[in-house]
Amino acid sequence: MATLDVLVLEGDGIGPEVTASALQVLQRVCKHAGITLALEHGPFGGASIDKHGEPITQAMLDRSLKANAVLMGACGGPKWDALPTDKRPEKGLLRLREHMQVFANLRPAKLFRALADASPLKAERADNFDFVVVRELVGGLYFGKPRFIQGEPGKRVGANTMTYTEDEIVRIGRVAFETAMGRKKKLLSVDKANVLEVMALWRSVMTELGKEYPQVQLSHMYVDNAAMQLVLRPSEFDVLVTENMFGDILSDLAAACTGSIGLLPSAAVGKGPALYEPVHGSAPDIAGQGKANPLAAIMTVAMLLEHTVKRTDLAAAVYAAVDDVLDAGVRTSDIAKKGEKIVGTKAMGDAVLLALDKQLSAG
Ligand code: NAD
C-alpha cells in the first residue's frame, strides 16, 4: 500500500488525548515503511453535536466509506447525557458501524508478561495468553426476527430469534480464517450445535469453509465449555469465532482476564474500510488531565497495520514496542501498582515511540 488514507474521529473526553499518541505511532511506522499517510480529522460524538447538532454528519458517514480506514478515539460524556437516546454521542457510533457495514468485531485479548499480576487469573493459568475473539456483529440473536413481547399482562410472551444464513456464516468465517492465517493458524469455532439448529448449520458451514483453508487447524467447542476453558486454559486459544451474543459475553470475559481496560484495542471489519477503536470509553473522570493510558489506542493502530495495511511485521513491531515499555516498568496510573512511578499519556506515548524506533531498526 503506497498511500494510507485514514479518517480520524477523535471524539470526546480522553479520545483526542489517546488518539494523538496513536497517530504519532502511525506516522512513525508509515515513514519507516515508505507509506504516504493522508489524515483527515472530523468531528464525532459530543464534539459533532456541539458543532453540527448531531453525533455524526452525513458528510462524515460518506467520507468514512472513501477512506482506507477509520480511526476512532471515544465518544460520550456527562455534557450530553441528558439528550434523548437517538441524539446522544453513542448513537453516532452505531450509525457509523451500520453505515460502514462492519459485520465482524475483532477483539484481541493478551496478557502482558509485565502485568501478569493485574489479571484476576492465577499466574499458572494465565500463562501469557494471547488470542483474538472474532464476534459476528450484525446478525444472530440480537437482530433475528421475529422479536416481540406480546399478549395480555400476566400471560405475556417474549421472544427473540437466532437466525443465520449460510452467506452470513461464510463471511464471518472468512474473516476468522484469514485472521488465523496471520497468527498461529488455529481457529476455534464456538457454537451450541448440540441444542440449536441454527448452530448446527453454523458448525457445518464452518467445517465446509475450513476445506478452503487447509493450513488452519479448525476445531469446534460448545459455548458453555468455551467459557470454562477461557478461564481455565486461555493460553490454548489463538482465534475464536462465534455468534453475536456468545461473542459479546466471551469477549468481555476475555477482556476481564487481561486486567485493564486501558490495554484493549478492537477493530470492526466488513467488506469495505474497517473501523478501529480502543475498547474503553471517553473516561470523563480523567479527561483533560493528561493521565489516560494511550496503549489501547496505540495497539488499535497495530490492528490497522495488520488488517488494513496487511503488514503483520509492522503491527508486530508496535506490539513489541508496547511489550518493551511495559517490561521497562513504564506505567500510567491505571496499570501502576502502589509505590510505582506514574507517567502521563504523553510520556507513555513517547516511551513507545522510542521503543518502536529500536524495533523498526532491528527488524
Ligand atoms: P470508560 O471506559 O470511559 O471508563 C471506565 C473507567 O476506566 C474510568 O474510571 C476511566 O477513568 C477508566 N479508563 C478508561 N479508559 C482509560 C484509559 N485509556 N486510561 C486510563 N483509565 C481509563 O467507561 P464509562 O465511564 O462507563 O463511560 C464513560 C463515557 O464513555 C460514557 O459517556 C459512555 O457512554 C462512553 N463510552 C464510549 C465508548 C466508545 O466510544 N466506544 C465505549 C464505552 C463507553
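Worth saying up front: this structure is predicted, and the values here are computed from it rather than measured. Residues take their numbers from the sequence shown, with the count starting at 1. Atoms within each ligand, like the ligands themselves, are counted from 1 in listed order.
- Of all atoms in ligand 1, listed by their number and element, those nearer than 4.0 Å to a heavy atom of Ala74 are 40 (O).
- One finds a salt bridge joining Arg63 and Asp5 here, because a Lys/Arg side-chain nitrogen approaches an Asp/Glu carboxylate oxygen to under 4.0 Å.
- Below 3.5 Å of separation, one finds an N or O of Ala283 facing an N or O of ligand 1.
- Among Lys291, His280, Glu90, the residue whose heavy atom sits closest to atom 33 (C) of ligand 1 is Glu90.
- Taking a distance limit of 4.0 Å, we find that atom 25 (O) of ligand 1 is approached by no protein heavy atom.
- Under the side-chain hydrogen bond (donor to acceptor under 3.5 Å, both in side chains) criterion, Glu136 pairs with Tyr164, not counting sequence neighbours.
- The option with the heavy atom closest to atom 30 (O) of ligand 1, from among Pro284, Gly76, Ser282, is Ser282.
- Using a non-hydrogen distance threshold of 4.0 Å, Ala296 does not register as a contact of ligand 1.
- Nearest protein heavy-atom contact of atom 21 (N) of ligand 1 is Ile286 CD1, 3.6 Å.
- Between Tyr213 and Phe177, the angle of the ring planes stays under 30°, which puts this pair in the parallel group of the 30/60° scheme.
- Near Met72, with a cut-off below 4.0 Å to any heavy atom, the atoms of ligand 1 are 40 (O).
- The ligand atoms of ligand 1 that sit less than 4.0 angstrom from a heavy atom of Gly77 are 32 (O).
- In this structure, atom 19 (N) of ligand 1 has a protein heavy-atom contact shorter than 4.0 Å.
- Atoms of ligand 1 found under 4.0 Å from any heavy atom of Ala292, numbered from 1 in the order shown, are 19 (N).
- The one candidate from Val132, Leu218, Leu240, Val134 that meets the side chain to side chain contact (heavy atoms under 4.5 Å, CB included) condition with Leu187 is Leu218.
- Looking at atom 41 (N) of ligand 1, its nearest protein heavy atom turns out to be Glu277 OE1, 3.3 Å.
- In this structure, Arg88 does not count as a contact residue of ligand 1, since none of its heavy atoms falls inside 4.0 Å of the ligand.
- Within ligand 1, counting atoms from 1 as listed, the ones closer than 4.0 Å to a heavy atom of Gly281 are 1 (P), 2 (O), 3 (O), 30 (O), 36 (N), 37 (C), 38 (C), 42 (C), 43 (C), 44 (C).
- Put simply, atom 6 (C) of ligand 1 has no protein non-hydrogen atoms near it, under 4.0 Å away.
- In the hydrophobic clustering of this structure, Val18 does not group with Val279; members are Ile, Leu, Val, Met, Phe, Trp, Tyr whose side-chain heavy atoms approach within less than 4.5 Å, directly or through other members.
- Partners of Tyr222 according to the ring-ring contact (aromatic ring centres under 6.0 Å, His included) rule, which considers only residues two or more places apart in sequence or in another chain, do not exist here.
- The nearest pair of heavy atoms linking Leu360 to Arg28 is CD1-O, 4.4 Å.
- At a heavy-atom distance under 4.0 Å, atoms from both the backbone and the side chain of Asn293 approach ligand 1.
- Atoms of ligand 1 lying under 4.0 Å from at least one heavy atom of Ile14, given by number and element, are 15 (N), 16 (C), 17 (C), 18 (N).
- In this comparison of Leu93, Asp285, Leu263, the heavy atom closest to atom 8 (C) of ligand 1 sits on Asp285.
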